[in-house]
There are 2 protein chains.
Amino acid sequence: MGQRDAGATRARILAAAVTEFAAHGHSGGRIDRIAKDAGSNVRMIYAYYGNKSGLFDAALSDAIRRMADEVPPRPTELPAWVGELFDFHQRQPEVLRICLWAQLERPEAASEPLETYLAKVESLQQQASPVIGAVDLLVIIYAVAQAWQLAPVGLLSADGSASHETRRAAAVEAITRLLA
Amino acid sequence: MGQRDAGATRARILAAAVTEFAAHGHSGGRIDRIAKDAGSNVRMIYAYYGNKSGLFDAALSDAIRRMADEVPPRPTELPAWVGELFDFHQRQPEVLRICLWAQLERPEAASEPLETYLAKVESLQQQASPVIGAVDLLVIIYAVAQAWQLAPVGLLSADGSASHETRRAAAVEAITRLLA
DNA sequence: CCTAAGTAAGTATCTATTTACTTATAGGCT
DNA sequence: AGCCTATAAGTAAATAGATACTTACTTAGG
């Protein structure tokens, strides 16, 4: 293979799409920018992904898969898992951003890779309580891990003494108390 | 005042803008639709709000103010407050949606009405603990109250026995345990 | 009758998608 | 091996429809 490698081009387009859509969303994302950023051409995007929405969905799935791979659930150590999720979102804000865009702009696409979530629910059954069921527990864990990414920047910067570590500790502590 | 009432037109435009931007965001929102929906004209939007971003910011501020008015903080009864926030988001999903859009598309605008938040932080000082400070506590409370709106619909529908009440109870219980 | 409120019809730009074309490369055939 | 060719990979330019924003005009009402 020389300069023509379909798989590599496909992958470069997908990577560029994740970046673009994470930054600007489906509606704000620009096909031209993605093509340029991928060192490819608009035509190739349509050849490989059909249309803008197809590309967005592919980018979303890729991001979700990456998160599931990098931070696998640890049903017996939920506080530790929250800490890892917190770190992940700090390290790769792109993933949460693209998920949020999807939730707002294409809710039907957002729950496509559902097995990923359902498997986690299964494994959480043990930790659930009568008042907080397994699904709700998972929902709360995700919410706490993402909480600081969703807060307005002005509010966070108001807390001068805060740091990555203190916030992480707060998230972990919150889930610890939740399970006590 | 007859058919020509500047204040009323302004208000109708703003209301239509909140609806439109909550549904489609800044980038996806359409000026023409807002004008039509408000029973007014594109020109008036520019006369009153300058440009699209000006209108979006006004809509955002209006939504935030509405939430602050309807669900004032109750520093000494945080679990109850979470319950009310949960109800509010269920009742008026528009507000959370427009805040999320702002966070993604115009983060600088999202923290404009900052006093609203800072006042709440002040009042939370009493409830804070060494490991979870006042700001972090507020961040977590917001996150839990919104959690179910951010979860993929497919995940929620997987839980057949869940209802508004059981979820609300889970949110309240989570904050109760957090403060124990 | 003058000013502010309102209307209708542009305009210039942008943007997703297509069409028509060029070139590399794998694999059969001699 | 070396040529030939079908096909996949790639490019550039056009198109058709939106869309934010303006200009030029009309009308209500104090």
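Letters A, B, ... mirror the listed sequences (proteins, then strands); counts begin at 1. From a predicted model like this one, the values you see are computed outputs, not experimental measurements.
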[X] [atom1] to [N] [atom2], straight-line distance once rounded to whole Å:
X: B/Asn41; N: D/dC25; atom1: CG; atom2: P; result: 17 Å
X: B/Ile45; N: D/dC21; atom1: CD1; atom2: P; result: 10 Å
X: A/His24; N: C/dC14; atom1: NE2; atom2: P; result: 15 Å
X: A/Arg10; N: D/dA8; atom1: CZ; atom2: P; result: 14 Å
X: B/Phe56; N: D/dC21; atom1: CZ; atom2: P; result: 14 Å
X: B/Arg12; N: C/dG6; atom1: CZ; atom2: C1'; result: 11 Å
X: A/Asn51; N: C/dT15; atom1: CG; atom2: P; result: 18 Å
X: B/His26; N: D/dT19; atom1: NE2; atom2: P; result: 14 Å

Kindly point out which of [options] is positioned nearest to the side chain of [X]?
X: A/Met44; options: C/dT19, D/dA9, C/dA16; answer: D/dA9
X: B/Lys52; options: D/dT11, C/dT18, D/dC21; answer: D/dC21
X: A/Arg43; options: D/dC21, C/dA16, D/dA12; answer: D/dA12
X: A/Tyr46; options: D/dA12, C/dA16, D/dC21; answer: C/dA16
X: A/Ala6; options: C/dG6, D/dA9, C/dA16; answer: D/dA9

Got a salt bridge between B/Arg167 and B/Glu165, using NZ or NE/NH1/NH2 to carboxylate O under 4.0 Å?
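Here B/Arg167 does not pair with B/Glu165 in a salt bridge, since their nearest N and O are not under 4.0 Å apart.
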Ion pair check, A/Asp62 and A/Arg66, cut-off under 4.0 Å:
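Salt bridge: yes.
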Are [X] and [N] close enough that a side-chain N or O sits under 4.0 Å from OP1 or OP2?
X: B/Arg30; N: D/dA20; value: yes
X: A/Ser40; N: D/dG10; value: no
X: A/Tyr48; N: D/dG10; value: yes

What's B/Gly7 touching, base or sugar-phosphate or nothing? Going by heavy atoms closer than 4.0 Å.
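If one applies the 4.0 Å heavy-atom cut-off, B/Gly7 turns out to touch nothing in the nucleic acid.
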Would you mind classifying the nucleic acid contact of A/Gly39 as base, sugar-phosphate or nothing, using non-hydrogen atoms under 4.0 angstrom?
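The answer is nothing, as A/Gly39 stays clear of every strand by at least 4.0 Å.
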Under 30°, 30 to 60°, or over 60°: which ring-plane class applies to B/Phe56 and B/Phe21, parallel, tilted or perpendicular?
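Because their plane-to-plane angle is over 60°, the rings of B/Phe56 and B/Phe21 count as perpendicular.
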Of B/Arg30, B/Lys36, B/Arg33, which meets side chain to side chain donor-acceptor pair (under 3.5 Å) against B/Glu20?
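Result for side chain to side chain donor-acceptor pair (under 3.5 Å) with B/Glu20: B/Arg33.
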About how many Å separate CG of A/Asp57 and OH of A/Tyr49, when rounded to the nearest 0.5 Å?
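Here the interatomic distance stands at 12.0 Å.
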